[in-house]
Student: 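Here it is: the structure, laid out below.
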Amino acid sequence: MLRTHTCGDLRADHVDQTVTLCGWVDKYRDHGGVVFVDLRDRYGITQVSFKLDNASEIQHQAQELRHEDVIQVTGDVVSRGEGNINPKLATGEIELRARKLTILNKSRTPPFEPNGESLPNEELRLQYRFIDLRRRALQRNLTLRHQICKATRDYFNNLKFLEIETPILGRSTPEGARDYLVPSRVHEGAFYALPQSPQLFKQILMVSGYDRYYQIARCFRDEDLRADRQPEFSQIDVEMAFIELDDMLGVIDGLVAAMVKEVRGEEITLPLPRYTYTEVMEKYGSDKPDLRFGLPIVEVSDLVSESDFGVFKSTVQGGGHVRGLCVKGAAEKYSRRILDNDLKGIVGEYGAKGLAYFKVAGGKLESSIAKFFNDKQQMAIVERMQGEDGDLLLFIADSWKVSCASLAALRNYLGRDLKLYDPKSMLTYWVVDFPLVSWNADEKRWDAEHHMFCSIHPDDVELMKTDPGKVRAQSYDLVCNGYEAASGSIRIHDPAIQQQVFDLLNINAEEAEQRFGFLLQALRYGAPPHGGIALGLDRWVMLFAGSENIRDVIAFPKTQRASDLMLGAPSDVDSQQLKDLHIKLDLQN
RNA sequence: GGGGCCGUAGCUCAAUUGGUUAGAGUACCGGACUGUCGAUCCGGGGGUUGCGGGUUCAAGUCCCGUCGGCCUCGCCA
């Protein structure tokens, strides 16, 4: 070992010991006769002092040190004494009085200092990710990620789960996201697909009797990126046999509690709350609302259908909805300009054509359009919205879908802007009773909401024939702070029910056989009742880290255009490689 | 595929309405200094204003295109 301790180890009780540290030069302060170096590794920072001393040249040697040089220092741990203690450092009571300095590797002048006062733009940080990863914040995030993975493995291992790996080179299926494809050299013109999730494999493992499976699985989806979406990401993938919905939720409740315990040292109250899909859509306009704050959506369609305000009236008469938010005490918070530009812009992104707003004053409405509502209507609206003087009322008149999406976005904006919650808090809950299918108006057919192996709520089997849109699925999402943090379902194991679902989705037997033949085949050979779930590992780490960006918790993430700026990936390849793979490029221009 | 924001010294930023030689802090280089911890003090070097074109007497600033980064709608069973 080149060192006896790390830069985070030394304390007052090490005084008088001779030790050797290794690390990077974080800061240096040259006083001529004495040089101070803050030596950094991932465990912390220790101050090293190099003093002028007739017997050695060490202080002159130290004067050559610059940012990010990698050095080895041997010396004595000494107390800093009264007045020289640095309370900002865990090691601040002591320093290392250097006797021997070895420069293990001189650094070029770095493009930025990992713990500098300002953070460089992300492009540069991604290009020099090896330096960026030296930052304390990123080291903390990756440590957190490790802790969460460890807590996960410990938890499932204790419950007799087996961790089983599934293939990365798989087969393309037309459902879901766009696949990443890998051309086969041996099979001319054929391609493997990288897994979007181990979905089909884990169901087959259930059929094979591995009744408790988990895996921290890498998944790949070739879709556009977002702040919380990368093209390759990790799932905590789980599947269990001989269980019912409550069992699954209970196991994951326990996992969440174990993660919180491991990371924050806190106990949480179980079971986690459960809401139905219908409840959250009606009250918050989203299937994953951030419930750290209230600000519910209130429907006033019935109150405004007879008003003189044409927009509201015609919307209701045309089958649409007028719904709104009551923003407490915010009547003076937003100027007309902000309401008409910023807030209207937010709802506009989700298709809302306008945003109506009123102030509550004297128990009635105040606004340029208040005149279209008589006193009785005004008072009824104020009462329904539970408005008080000084409140701001915001309304959207549109289709159900648009009112949900736009009000949910508006609600998120207001919650954040008005600081309605503690950003460090975490609030996790279940959403259950999702619809099994949704009507695809463009294609004029029913689409599976979760996926086509998702089982039907036992009370709704009869509805399959009469009103499929009302059939509830045995699926569940776990939501944390407005993010979808996990999603899963109890699967169908009965071929007759599976056939019913295929019929509804208009998938004929031949087609089904071609697409999922291997799974259908497996299900015919003794499939136990089973169900599962997948948690978005990156998102959980992000939530625990208090970050809003998934790149902050991935060691080597990709940019929005899915490139790796450090590697320069993706890249051109040698023409011989293409030839081997039977690929001919046909690029425009 | 659509919308929005951004790109000036190694880095973070500034530069009036389009107007003189594009500035500051930090980093870097040289010098001074024996107790700092954002060390301090003195001096110095450092610019294709992302790239290409256009308008203009004059462009970092305005216009068009393009490249790159970020946010977002669609997309993500």
Side-chain angles (χ1 to χ4, degrees), chain A residues 26-39 45-53 59 63 66-68 78 80-89 91-92 95 97 108-128 131 173-179 196-197 199-200 219-231 233 342 345-352 405-406 409 412-413 434 436-438 440 442 446-454 473 475 484 487 489 501 505 507 515-516 534 536 548-549 551 558-561 563 565:
Chain A
D26 194 61
K27 291 264 165 49
Y28 58 91
R29 295 175 290 279
D30 181 355
H31 289 244
V34 60
V35 177
F36 297 101
V37 168
D38 291 340
L39 193 63
I45 287 178
T46 301
Q47 173 168 287
V48 185
S49 65
F50 299 86
K51 268 197 170 180
L52 182 62
D53 165 349
Q59 153 267 355
Q63 283 177 321
R66 292 296 179 269
H67 290 107
E68 302 308 308
V78 299
R80 294 217 203 170
E82 285 299 306
N84 275 333
I85 288 172
N86 184 349
K88 289 183 200 163
L89 291 183
T91 59
E95 68 179 16
R97 180 75 52 86
R108 280 192 178 189
T109 301
F112 61 93
E113 290 167 47
N115 293 314
E117 38 195 307
S118 55
L119 199 59
N121 76 55
E122 199 171 359
E123 194 174 351
L124 190 78
R125 288 167 42 210
L126 289 172
Q127 205 177 330
Y128 291 91
I131 294 172
T173 52
E175 277 62 43
R178 202 172 289 115
D179 285 317
Q196 297 176 22
S197 78
Q199 182 61 38
L200 302 168
C219 306
F220 306 85
R221 295 180 188 175
D222 187 6
E223 297 292 346
D224 286 352
L225 284 75
R226 289 285 186 282
D228 64 344
R229 269 167 33 191
Q230 281 273 307
F233 61 99
D342 299 17
I346 291 166
V347 298
E349 282 180 48
Y350 296 84
S406 56
N412 282 338
Y413 174 85
F434 280 79
L436 182 76
V437 292
S438 62
N440 182 334
D442 295 338
W446 294 102
D447 282 345
E449 270 287 308
H450 184 64
H451 59 63
M452 61 190 66
F453 308 110
C454 175
S475 67
E484 181 191 310
S487 182
S489 65
V501 173
L505 298 175
I507 298 170
R515 280 151 69 168
F516 313 106
E548 292 188 335
N549 196 313
R551 294 185 297 278
K558 294 187 172 50
T559 70
Q560 209 196 16
R561 295 190 64 240
S563 44
L565 297 181

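Order of the sequence lines fixes the chain letters, A, B, ..., with proteins taken first and strands second; residue numbering starts at 1 for each chain.
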Student: May I ask you to say what A/E113 touches in the nucleic acid, namely base, sugar-phosphate or nothing, with a heavy-atom cut-off under 4.0 Å?
Tutor: sugar-phosphate
Student: Under the side chain to side chain donor-acceptor pair (under 3.5 Å) test against A/E449, which residue among A/S489, A/S438, A/S475 passes?
Tutor: A/S438
Student: Does OP1 or OP2 of B/rA27 have a side-chain N or O of A/T109 closer than 4.0 Å?
Tutor: no
Student: Using Watson-Crick or G-U wobble geometry with both distances below 3.5 Å, tell me the partner of B/rU49, or none.
Tutor: none
Student: Can you tell me how far C1' in B/rG46 sits from the matching atom in B/rU56, rounded to whole Å?
Tutor: 32 Å
Student: Considering Watson-Crick and G-U wobble pairs with both distances under 3.5 Å, what does B/rU26 pair with?
Tutor: B/rG10
Student: Base, sugar-phosphate or nothing for A/E449? Non-hydrogen atoms, less than 4.0 Å.
Tutor: sugar-phosphate
Student: Between A/H67 and B/rU26, does any side-chain N or O lie under 4.0 Å from OP1 or OP2?
Tutor: no
Student: With P as the reference atom in both, quote the distance from B/rU16 to B/rC63 in angstrom, rounded to an integer.
Tutor: 16 Å
Student: Scan A/R561 against the nucleic acid and name what it touches under 4.0 Å (heavy atoms): base, sugar-phosphate only, or nothing.
Tutor: sugar-phosphate
Student: Using a 3.5 Å distance criterion without hydrogens, assess whether the side chain of A/Q59 forms a donor-acceptor pair with backbone atoms of A/V35.
Tutor: no
Student: Would you measure the distance from the C1' atom in B/rC37 across to the matching atom in B/rC42 and give it in whole Å?
Tutor: 23 Å
Student: So A/F112, base contact, sugar-phosphate only, or nothing? Heavy-atom distance under 4.0 Å.
Tutor: nothing
Student: Say you pick atom P in B/rC6 and the same atom in B/rC75; how far apart are they, in whole Å?
Tutor: 28 Å
